[in-house]
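What follows is a set of notes on a single structure, which appears directly below.
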Amino acid sequence: MLEIKNLKARVAGNDILHGLSLAVNAGEVHAIMGPNGSGKSTLAQVIAGHEDYEVTHGSVTFKGQNLFDLEPEERAREGLFLGFQYPVEIPGVNNAYLLKTALNARRAHQGLDEIDAFEFLKTAREKMAALGMDPKFLNRGVNEGFSGGEKKRNEILQMAMLEPELAILDETDSGLDIDALKAVAQGVNALRSPDRAIVLVTHYQRLLDYIEPDFVHVLSEGRIARSGDKTLAHELEEKGYDWIREAANA
Amino acid sequence: MATESEQLESLVNRRYEHGFVTDIATDSLPPGLDENVVRAISARKNEPEWLLEWRLQAYRQWLEMDEPEWAHVHYPKIDYDAISYYSAPKSDEDRPKSLDEVDPKLLETYDKLGIPLHERARLAGVAVDAVFDSVSVTTTFKEKLSEAGVIFCSFSEAVQDHPDLVRKYLGSVVPRRDNFFAALNSAVFSDGSFVYIPKGVRCPMELSTYFRINAANTGQFERTLVVADEGSYVSYLEGCTAPMRDENQLHAAVVELVALDDAEIKYSTVQNWYPGDEQGRGGIYNFVTKRGDCRGANSKISWTQVETGSAITWKYPSCLLRGENSVGEFYSVAVTNNLQQADTGTKMIHIGRNTRSTIVSKGISAGRAQQSYRGLVRVMPQAAGARNHTQCDSLLIGKDCGAHTFPYMEIKHPSAKVEHEATTSKISANQLFYCRQRGISEEDAVNMIVNGFCKEVFKELPMEFAVEAQALLNVSLEGAVG
Ligand SMILES: Nc1ncnc2c1ncn2[C@@H]1O[C@H](COP(=O)(O)OP(=O)(O)OP(=O)(O)O)[C@@H](O)[C@H]1O
Ligand SMILES: [Mg+2]
């Protein structure tokens, strides 16, 4: 699904990723943890194609294609979804309208007809109910005046509607209350299937109690410093990151 | 990967789709302006003596006036002697009686503009008084309107058929010497539209006029007069585009609206004149005087406009709120791109008691365009209980454009309630990236954000016009990102 080889990237003149390699196969759930500033969001933004992030070395393939040959919107239509750490507000643009436009862009790419307006609303309402979102959020501006947790739920709603093949969720669990965390976890678990993959960027073991990862990676100083199974997350919770840094620099 | 500014530019550099010239033989006066030209125009139109006299006085007043200078628009000095003041399609004498008789080239022109005239008119039930250059070529739905007693015809026809009405109201809202361009228009206006809605009549359909500038180097001096008698209602639509030309073209129209007791006029404009190329060459100079007079008690006048064209726009649709409880509204979207300059806004003059006005102005600037909003709210000493709400929002696309807001308030009655809100926002790279990450192209994302920004104004437009306006905006901004 996703194959990252020796990736180096910089932003604003600073080298952030220093040769990162990672392979994510269909059906898998990966968790990426790591200290603040270690480059987790940078990795996510590079994969999504943000123009501020410059790739200086390495390769990334997505479903066998060179990811860097695709514009950000093409990546999205191919089934790549990024749940943003800081979802942006777009005042005046109706939330439902953005959602429908996004969905239809993906459907057009798949050779499908535009979704029927009635069908769209019905599906959106169902998914919102599952996420504990009031349907009136459909008629608000995109993330306009949403609380931190509401923004994160809105990201999950978009993911649930778009049914991506690869979802990267950048700290979608941060700022969520316990109920929201469960709802978000449920949304992610509902997406789990043998032909999809999920990458969770998180700081907390808590999320992984609800979404059981197949692999846990620690990103430190722009590299994957350690990989393991879910027990690694527990170990990190106990010991912090220092021992990994020491081991990596030893 | 292309940089943001490169992408911005490619978005901005969208060609003007409606730039073409229709080849129709025109019967024009040679360039230049003196009393003989004024007499010649009047004679060609077979006008009564009083109107010739009215024009001549306007001409003499114009001679004594100076062209205004404004801080925020710049253009080379206009040579008024290089302009031809009259141009009409050759077929003037035997005017077409129906669309079948209309020059097919002209119909083709409308087609290119996406305005299949007969289709549109029939489907939408819209009566169209199409002004091509200076003379009305075709008018539809006249019969249905005349059943209701509505007069909707070209200005020249009105002068012949309804001279008393024209004489009573012409210049009663915009006096001849109101300003430099109004005086010029009064002297040399060639044609335009005339509307009269009798007492108690609700006009059975939207009245629509498509304006178009065609003959090279011909100034356009349209004159529009809309009179809504007591208790009547009319919705009037004005739209225009122009072909691509390399010289600047002057347009100085005058629009006068009169609403008597309990009458309502809704005047909507979608304006798409050639704005000039990326270097700012060509394009229309649009200096227009538009004013509505709420003369009667409980009358209402609304201006709604979507402007995307012109090299230079100078335009302040205004309302004189004279009748007690009268209402003035101004809803505007103005888009400026590349080197376009726009200095627009409105004036709400509260004269009667308990008069109310609403101003919603949405300005969008892209490229290197400069846009100024100038709004005047004046509450006269006798206007007890006057209220105004002004909202003025600017959206910037890219970093080389500018938006300026100049709200003026002159409040001479202590009971007046006047509110002003202003915002400036930018389409940010992160907003666009967010949309793109959801599979939406950059262009669609810009359109989505711009349309969201303009929603409040679009909802004031008649349905089919709103769709057109939205499409027009998308065309004007294709490529403009930042
Ligand atoms: N646009 C930018 N301009 C300048 N520096 C940036 C930019 N984006 C990221 N950086 C820097 O790159 C480094 C890595 O940031 P990144 O956001 O990837 O960290 P992170 O691992 O996601 O951290 P956190 O856990 O706090 O979210 C940081 O030092 C950050 O300051
Ligand atoms: Mg981060």
Side-chain angles (χ1 to χ4, degrees), chain A residues 44-55 68-84 86-95 97-110 140-144 151 154-155 157-159 161-162 164 167-168 170, chain B residues 1-11 333 360-364 391 393-398 421-459 470 473-474 477 479 481-482:
Chain A
Q45 299 279 6
V46 165
I47 292 171
H50 195 296
E51 65 192 5
D52 287 352
Y53 297 80
E54 187 194 345
V55 175
F68 302 136
D69 284 345
L70 303 176
E71 292 292 329
E73 58 268 35
E74 293 169 325
R75 301 179 194 188
R77 290 173 199 157
E78 279 288 327
L80 177 73
F81 179 91
L82 171 60
F84 287 85
Y86 304 109
V88 66
E89 299 194 10
I90 313 179
V93 174
N94 186 281
N95 208 24
Y97 187 73
L98 177 110
L99 199 52
K100 199 164 139 211
T101 309
L103 187 57
N104 281 330
R106 176 136 160 79
R107 289 175 66 96
H109 184 71
Q110 292 168 324
R140 286 178 57 176
V142 175
N143 294 322
E144 189 179 359
K151 284 181 184 168
N154 201 36
E155 294 291 287
L157 171 65
Q158 294 179 356
M159 180 191 78
M161 292 295 289
L162 294 171
I168 301 171
D170 192 357
Chain B
M1 215 173 286
T3 68
E4 191 178 313
S5 69
E6 275 166 358
Q7 287 176 358
L8 230 170
E9 245 161 61
S10 78
L11 266 172
V333 168
V360 177
S361 164
K362 304 274 180 179
I364 302 165
Q391 190 191 321
D393 301 321
S394 307
L395 183 67
L396 304 179
I397 305 179
E421 285 175 55
T423 65
T424 299
S425 48
K426 254 185 184 222
I427 296 186
S428 73
N430 281 337
Q431 286 174 329
L432 292 175
F433 181 66
Y434 187 83
C435 294
R436 294 178 79 188
Q437 209 304 301
R438 297 302 181 249
I440 301 166
S441 73
E442 189 158 60
E443 224 160 81
D444 288 347
V446 171
N447 291 342
M448 210 162 68
I449 294 170
V450 166
N451 287 329
F453 178 75
C454 301
K455 220 163 23 191
E456 270 169 284
V457 174
F458 284 168
K459 76 174 175 12
Q470 194 162 328
L473 226 62
N474 296 351
L477 284 173
V481 184

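Computed over heavy atoms, backbone and side chain alike; hydrogens, waters and symmetry mates excluded. Source: prediction; values computed, not measured. We name chains A, B, ... by the order of the sequence lines, and we start the count at 1 in each one.
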Exercise for the section: Would you name the heavy atoms of Gly439(B) and Ala76(A) that are closest together and state the gap between them? Expected result: N-CB, 3.3 Å
Practice task
Specify whether Phe433(B) and Phe84(A) have parallel, tilted or perpendicular ring planes, treating 30° as the upper limit for parallel and 60° as the lower limit for perpendicular.
Solution key: perpendicular
Exercise for the section: Using non-hydrogen atoms and a 4.5 Å limit, figure out which bit of Pro87(A) sits close to chain B: side chain, backbone, both or neither. Expected result: both
Exercise for the section: State the CD1-CZ distance between Ile90(A) and Phe453(B), to the nearest 0.5 angstrom. Expected result: 15.0 Å
Handout entry: Carboxylate-amine/guanidinium proximity below 4.0 Å for Glu155(A) and Arg438(B)
Key = yes
Handout entry: Engaged part of Leu162(A) at the chain B interface, taking heavy atoms whose separation is under 4.5 Å
Key = side chain
Practice task
Among Val93(A), Asn94(A), Leu82(A), single out the residue with the greatest number of heavy-atom pairs under 4.5 Å to chain B.
Solution key: Leu82(A)
Exercise for the section: Identify the two heavy atoms, one from Ala48(A) and one from Gln437(B), that lie closest to each other, and give their separation to 0.1 Å. Expected result: CB-CG, 4.0 Å
Fill in the blank from the handout: When rounded to the nearest 0.5 Å, the distance separating CG of Leu98(A) from CD1 of Ile449(B) is 9.0 Å
Exercise for the section: List the steps and the verdict of side chain to side chain contact (heavy atoms under 4.5 Å, CB included) for Tyr434(B) and Asn143(A). Expected result: CA-CA 11 Å; Tyr434(B) 187 83; Asn143(A) 294 322; 3.4 Å; yes
Practice task
Can you measure from CD (Glu443(B)) to CD (Glu73(A)) and round to the nearest 0.5 angstrom?
Solution key: 10.5 Å
Practice task
Measure across Ile440(B) and Arg77(A) and return the closest heavy-atom pair with its distance rounded to 0.1 Å.
Solution key: C-NH2, 4.3 Å
Exercise for the section: Please flag which part of Val55(A) lies under 4.5 Å from any non-hydrogen atom of chain B: side chain, backbone, both or neither. Expected result: neither
Practice task
Drop me the distance from Thr101(A)'s OG1 to Asn447(B)'s CG, to the nearest 0.5 angstrom.
Solution key: 10.5 Å
Handout entry: Reported CD-to-CG distance for the pair Glu89(A) and Asn430(B), which is rounded to 0.5 angstrom
Key = 12.5 Å
